[in-house]
Amino acid sequence: MSNYHVKTLEEYFQLYRKSVRNPELFWEEIAEEHFVWRKKWDTVLEYDFSKPEFKWFEGAKLNITENCIDRHIHIRGDKTAILFEPNNPDEEAEHISYKELHKRVCKFANVLKEQGIKKGDRVCIYLPMIPELAISILACARIGAVHSVVFAGFSSTALATRINDCEAKMVITSDGSYRGAKTIDLKSIVDEALESCSSIETVLVAKRIHSDIELKEGRDKWLQPLLEEAYQDCVPEIMDAEDPLFILYTSGSTGSPKGMLHTTAGYMVYTAYTFKNVFNYKENDIYWCTADIGWITGHSYIVYGPLANGATTVMFEGVPSYPDFGRFWEIVEKHKITQFYTAPTAIRALAKENLDFVDSHDLSSLKVLGTVGEPINEEAWHWYNDNVGKKKNPIVDTWWQTETGGIMISPLPYLTPTKPTYATLPLPGIQLALIDENGKEIKGNQVDGRLCVKYPWPSMARSIWGNHQRYKETYFSAYDNMYFTGDGALRDEVGYYRITGRVDDVIIVSGHNLGTAPIEDSVNEHPAVAESAIVGFPHDVKGNALYGYVILKETGEERNQDNLRKEINQIITEHIGPIAKLDKIQFVEGLPKTRSGKIMRRILRKIAHNELDNLGDVSTLLNPEVVQNIIKERL
Ligand code: WT7
């Protein structure tokens, strides 16, 4: 029995027990057999929850790109590593072989070096889903630079905040991007962001839409000519196991976005292992994850996990609705996709459209379907299962987070019997706990509580960039000796987990994690706004949408409410991005507050959910009278 590929359900249970009995041995055997190391580790794991500090494979030396590229060249050099499917279906798909990927990553790495990037420097990548995105990530890893990818749908303010937080020296971007029928002028967003960023020395610009843009003298450089001239081999920087690999920002319930710091060896081992098992990956598969690489899903399961296994990973530049709602299924048919991994919000959007969009395509190549990002509702699960999977493909509902680095709870396809809306069982090595209001672990089944992890795993984030204290407070202070996920979950009679959602003020909209506090800050910037509170409410495509309650300043003037709504959403778009726009904005006289002045979000949430007969205890409110008015005028 090899630890690396679980082949029966029986074996899963055995391995799971082994991974709990002796986690270090369990991970050591996997690390020994399936990766290339320049030097093996001295210790598998050292940890201290109170600091908190976690060190996996200390003493080991490696370069992750040797594992993702070099080692494959001799055995599968001509195999496609990255299959790029452009936005426009008439443009030809690009097959980048492992050999070719090696060359392109090395050239890019040499360009980074020539531009003064050294080991440990932060490089911000703000690119659309084009091959340069994956290649630039790998080029950073090749030379030991720390990449910080910012999703290219984020605004200039969001980009600037992230650049400044990690003091990046370089931005890699493109002239623009294609998104369905639209083109987006990325470079001007970068220009705007850089007005408030002093750490950036160089901007490398890839040509994608061939628009007429201006390069700022001394700062901006076209990428392609530099690549052409660069040498095609680059000796990998030898990294320590715990050297930083990347920073990726995620929102929290309060404060600025958190730069989750991931390190090298543990992240590599865990993403490779989980990719292999969760997708039951086999050598000739064509795997497609529809996420953007700007999110952790793309980092772990478009780039690192698949490439570490020598897989063919598809990168799709476009959107599911262009040129029509059959695009996903057209691509599945065209490239004979075997594993398809997407988000519930995409499934719900496509389920609204005519079934012919699905039925007119041959989906028989599919073997495994996956979902991630938010709880999948039963209806969407069945639609996916019936129409895409034709009831023969297992659906892996994978629960994890930016912070966890890799998938934590998921069925193993063809092994774990699935159950709609349940992420089912923890993967080997993942020790979960449900905690009650008093901070005590709830044992047994048919219970629910706050989801925690009580033993370290290799791909866990090691810190928040520049703020270890916040890392400690956010994840390790709620309960002793545990990682707190922020999610609630229930465990059914057989021990299956179902994630019930966030227990804090983070709202998942279309699979994107949005903290309410930063959105409220944006709303409050409107000169007419005195105060605001934002809650989520159910939305049949996005999962949740945002409902804002806004108090206006008293000026005596009449203001046009629709214009105000537009202006408020405009500010949100500028500060955060269009994903954070409010679907409903209700202007109110007051917000329900506790005696200590805290907004009672529970009540606002109930009103937004239209659960009016069950508002709960309002007796502790300072101003119970505002509640009836808010209800009367609810949208
Ligand atoms: C939050 C993490 C992990 C990549 C995408 C999101 C929610 C994620 C599931 C799932 C129920 C899920 C959780 C989690 N979530 N996957 N399968 N079932 N909820 O990464 O932005 O860090 O968000 O997404 O609430 O805490 P993220």
Side-chain angles (χ1 to χ4, degrees), residues 149-151 153-154 247-253 257-262 267 270-271 274-275 278 289-305 341-348 369-378 380-381 384 395-411 416 418-427 430 432 448 450-453 459-461 464 474-475 478 483-490 496-515 536 542-544 576-577 579-580:
V149 181
V150 176
F151 171 55
F154 275 132
I247 299 165
L248 187 62
Y249 288 86
T250 184
S251 12
S253 52
K258 296 173 291 203
M260 302 316 304
L261 176 68
H262 283 281
Y267 176 82
Y270 194 79
T271 53
T274 50
F275 173 74
V278 170
C289 165
T290 69
D292 192 287
I293 291 176
W295 310 112
I296 191 70
T297 310
H299 281 58
S300 302
Y301 299 109
I302 296 178
V303 183
Y304 289 114
Y341 190 28
T342 196
T345 183
I347 298 168
R348 287 189 298 261
L369 302 178
T371 104
V372 61
E374 62 186 302
I376 181 165
N377 51 306
E378 196 142 359
W381 194 97
Y384 199 26
I395 295 179
V396 291
D397 178 354
T398 62
W399 175 85
W400 57 297
Q401 308 176 295
T402 305
E403 293 86 338
T404 68
I407 297 168
M408 305 286 276
I409 311 179
S410 171
T416 318
T418 57
K419 177 173 175 183
T421 76
Y422 280 75
T424 76
L425 298 170
L427 295 183
I430 303 306
L432 303 174
D448 65 273
R450 293 170 173 230
L451 183 65
C452 292
V453 189
S459 64
M460 63 197 297
I464 292 175
T474 312
Y475 306 107
Y483 165 80
F484 173 46
T485 65
D487 283 341
L490 60 84
Y496 275 14
Y497 287 85
R498 174 185 181 156
I499 311 303
T500 48
R502 304 287 308 179
V503 299
D504 54 18
D505 285 321
V506 169
I507 302 171
I508 311 256
V509 178
S510 300
H512 302 308
N513 201 331
L514 299 175
K542 300 198 268 191
N544 294 296
I576 301 165
I579 6 172

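As the structure is a prediction and not an experimental result, all values here were calculated from the model. Atom set for the values below is all heavy atoms of this structure, side chains included, hydrogens, waters and symmetry mates excluded. Numbers here simply count residues along the sequence, with the first being 1. First listed ligand is number 1; within each ligand, the first listed atom is number 1.
Counting only non-hydrogen atoms, the option in His299, Glu374, Met260, Arg498 that gets closest to atom 18 (N) of ligand 1 is Glu374.
For ligand 1, the atoms closer than 4.0 angstrom to any heavy atom of Pro375 are 11 (C), 18 (N), 19 (N). Listed by number with element, the atoms of ligand 1 under 4.0 Å from a non-hydrogen atom of Ile499 are 11 (C), 19 (N). Atoms of ligand 1 found under 4.0 Å from any heavy atom of Ile296, numbered from 1 in the order shown, are 4 (C). Within ligand 1, the atoms closer than 4.0 Å to a non-hydrogen atom of Thr297 are 4 (C), 5 (C), numbered from 1 in the order shown. Atoms of ligand 1 lying under 4.0 Å from any heavy atom of Thr402, numbered from 1 in the order shown and given with element: 20 (O), 21 (O), 22 (O), 27 (P). Interface atoms of ligand 1 facing Ile508, defined by a heavy-atom separation under 4.0 Å, are 1 (C), 7 (C), 24 (O), 25 (O). Distances below 4.0 Å separate heavy atoms of Asp397 from the following atoms of ligand 1: 10 (C), 17 (N), 18 (N). Less than 4.0 angstrom separates some heavy atom of Asp487 from each of these atoms of ligand 1: 13 (C), 14 (C), 25 (O), 26 (O).
In this structure, atom 6 (C) of ligand 1 lies nearest to the protein heavy atom Gly373 CA, 4.2 Å.
Residue contact check for ligand 1: Trp295 places no non-hydrogen atom closer than 4.0 Å to it.
Checked by distance only, ligand 1 and Thr398 come closer than 3.5 Å through their nitrogen or oxygen atoms. For the pair Thr371 and ligand 1, the shortest N or O to N or O distance does not fall below 3.5 Å. Remark: ligand 1 and Thr485 share no N or O pair separated by less than 3.5 Å (distance only, no angle test).
Heavy atoms of His512 found under 4.0 angstrom from ligand 1: none, in either backbone or side chain.
Looking only at distances, no side-chain donor or acceptor of Thr398 sits under 3.5 Å from a matching main-chain atom of Ser410.
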